[in-house]
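Note sheet for the following structure.
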2 protein chains.
Amino acid sequence: MSAREEHQVASDAGLSKQRVVVEAIRLADREGVDGLSMRRLAGALGAGAMSLYHYVASKEELLDAMIDIVFEQIEIPREETDWQSAMRRRAASARQVLASHPWAIGLMESRTSPGPANLRHREAVTACLRRAGFPVVMATHANWLLDSYVYGFALQQTSLPFDTAGEFANMTENVFLPQLPPDEFPYLNESAAALVAAGYDPAEEFTFGLDLVLAALEPLRSSA
Amino acid sequence: MSAREEHQVASDAGLSKQRVVVEAIRLADREGVDGLSMRRLAGALGAGAMSLYHYVASKEELLDAMIDIVFEQIEIPREETDWQSAMRRRAASARQVLASHPWAIGLMESRTSPGPANLRHREAVTACLRRAGFPVVMATHANWLLDSYVYGFALQQTSLPFDTAGEFANMTENVFLPQLPPDEFPYLNESAAALVAAGYDPAEEFTFGLDLVLAALEPLRSSA
DNA sequence: TACTGGGATCGTACACTGTACTATAGGGAG
DNA sequence: CTCCCTATAGTACAGTGTACGATCCCAGTA
């Protein structure tokens, strides 16, 4: 016990569910979700593996708690602003949060229970849309559409190896194009060449779809 | 060896990468991706665990091959039809395929290499959009937008426990509503009640967003 | 025919996983 | 002091991916 105190990194002011989950997120961010094991997590906390099970019923519950904390980090729409600005802010926040915890999207698939932060988020978004004048069913449609776009974009983004215009140009010229025979993939070749030439910046891609969707939803409000 | 032949299910006409990957997909469909282990897969094929490694370098490569076969099942746009019908068909196909292999979306996250079927798909979609008159950069935007919507919708759908209007009404009344204190979640309560009363059918939700996106993209074509 | 080489198949072993069960230490209540 | 309860672990077990080496079988050659 005294030997263990020598090398432990985290403060040992006592465990707690909060501390366990937060450290699990840091570990997953650093090493990927496959590198997150109960033993390694316990090691990072300076504790024994089985001690974690006093704060978390199972690894499944730990993963649930992790994604709920991720949802907590997504900015909730504020009341005063107009609905488009509010949706833009929360979409940008969601994209950024999901990009900095890439494992979260892959985890959303298997777990079915929404979690409290997720529910608060949905409530706030629905409130914003309803106050903006969307009828009930239309607000549901808008919710689905916006969430689908944000999650789908984040999903695609995390599986791509570039973030900036420079990285995109670099990867396209040195990795993608050499793998695309021009006779088999003429349009992808055209596309890649044109995008690099135009200085295409993937960071701006998110805005295009979001603005288009918001503009298309605007006339579906019933009042002003 | 003769004892093993008694209980094996699959035909033992010899292994092959194709047979291994196809059986892996069936196993994942049946038991979830967590239930897919090399030993169980080998058992389903009537083979020893290590035999699989002659057709697949690692489990990672197996997973890559699995998602590429899933992509192969998504209908590719045909040349003759107008672009909106083509996109509607392939979006519907993608949604259905991803719904019947729910593990596929969760897997897309971690793997970065596109895979041949994925590339052919992208090529065909880009071709369709370009021929419809979208400029190069606009075709890229449309591609991102449509894919984000389809993947995001599929992701949300697989994490929901209902598919039909009846199941939705049932789950909402018996499971969701009892967990939503009306004073804390007034809008979600209003929404749930209104949707059940209106006989809301989640199967139609996909069409709404897709149609909206397609209509919003239409004027961005440069020629007719 | 006998020999050989190589591809396919598999058994064993190792490090690692989640976690059930059990044991311990420490502190507050009676 | 005794009793009990909460927090912390150690050990053990079934199961994982896969490195390594053994085996079998068959095509080709002498």
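In what follows, every chain begins at residue 1, and chains take the letters A, B, ... in the order their sequences are listed.
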Report the distance from atom [atom1] of [X] to atom [atom2] of [N], rounded to the nearest whole Å.
| X | N | atom1 | atom2 | result |
| --- | --- | --- | --- | --- |
| B:Leu63 | D:dT16 | CG | P | 14 Å |
| B:Tyr55 | C:dG7 | OH | P | 12 Å |
| B:Leu15 | C:dG7 | CG | P | 17 Å |
| B:Asp34 | D:dG17 | CG | P | 11 Å |
| B:His54 | D:dA19 | NE2 | C1' | 13 Å |
| A:Leu52 | D:dT8 | CG | P | 10 Å |
| A:Arg40 | C:dG18 | CZ | P | 10 Å |
| A:Leu62 | C:dG18 | CG | P | 10 Å |

Review point. Could you state the interatomic distance from CD1 (A:Ile25) to CD1 (A:Ile67), rounded to the nearest 0.5 Å?
Key: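 Nearest 0.5 Å value for the CD1-CD1 distance: 10.0 Å.
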Point to revise | Atom pair CG (B:Asp147) and OH (A:Tyr149), whose distance is rounded to the nearest 0.5 Å | key: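 Result: 11.0 Å between the selected atoms.
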Review point. Using the ring of each side chain (for Trp, its six-membered ring), is B:Phe176 parallel, tilted or perpendicular to B:Phe162, with breaks at 30° and 60°?
Key: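 Geometry flag for B:Phe162 against B:Phe176: perpendicular rings.
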Exercise for review: Would you indicate which nucleotide in C:dA8, D:dT18, C:dT19 comes nearest to any side-chain atom of A:Lys59?
Suggested key: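 Nearest nucleotide to the side chain: C:dT19.
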Review point. Where the side chain of A:Ser51 is concerned, which of D:dG17, D:dA9, C:dC10 is the nearest nucleotide?
Key: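 Looking only at side-chain atoms, A:Ser51 lies closest to D:dA9.
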Review point. For atom CG of B:Asp183, is the number of surrounding heavy atoms from other residues, nucleotides or ligands below 6.0 Å larger than 12?
Key: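 Counting neighbours around CG of B:Asp183, more than 12 heavy atoms of other residues, nucleotides or ligands fall under 6.0 Å, so yes.
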Check your understanding: Just wondering, are more than 12 heavy atoms of other shown residues or ligands nearer than 6.0 Å to CD in A:Glu31?
Key ->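 Yes - once you tally the heavy atoms of other residues, nucleotides and ligands closer than 6.0 Å, there are more than 12.
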What N/O pairs connect the protein and nucleotides 12-15 of chain C at under 3.5 Å? Give each pair on its own line.
none

Base, sugar-phosphate alone, or nothing: which one does [X] contact when heavy atoms must sit under 4.0 Å apart?
| X | value |
| --- | --- |
| A:Leu36 | sugar-phosphate |
| B:Leu41 | nothing |
| B:Ser37 | sugar-phosphate |

Review point. Do B:Phe153 and A:Leu145 have side chains that get closer than 4.5 Å, going by heavy atoms?
Key: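 They are not in contact (no side-chain heavy atoms under 4.5 Å apart), so the answer is no.
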Point to revise | Any A:Tyr53 side-chain nitrogen or oxygen under 4.0 Å from OP1 or OP2 of D:dA9 | key: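 A:Tyr53 to D:dA9 OP1/OP2: no side-chain N or O under 4.0 Å.
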Point to revise | Cationic N near anionic O, under 4.0 Å, A:Arg111 to A:Glu60 | key: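 Yes.
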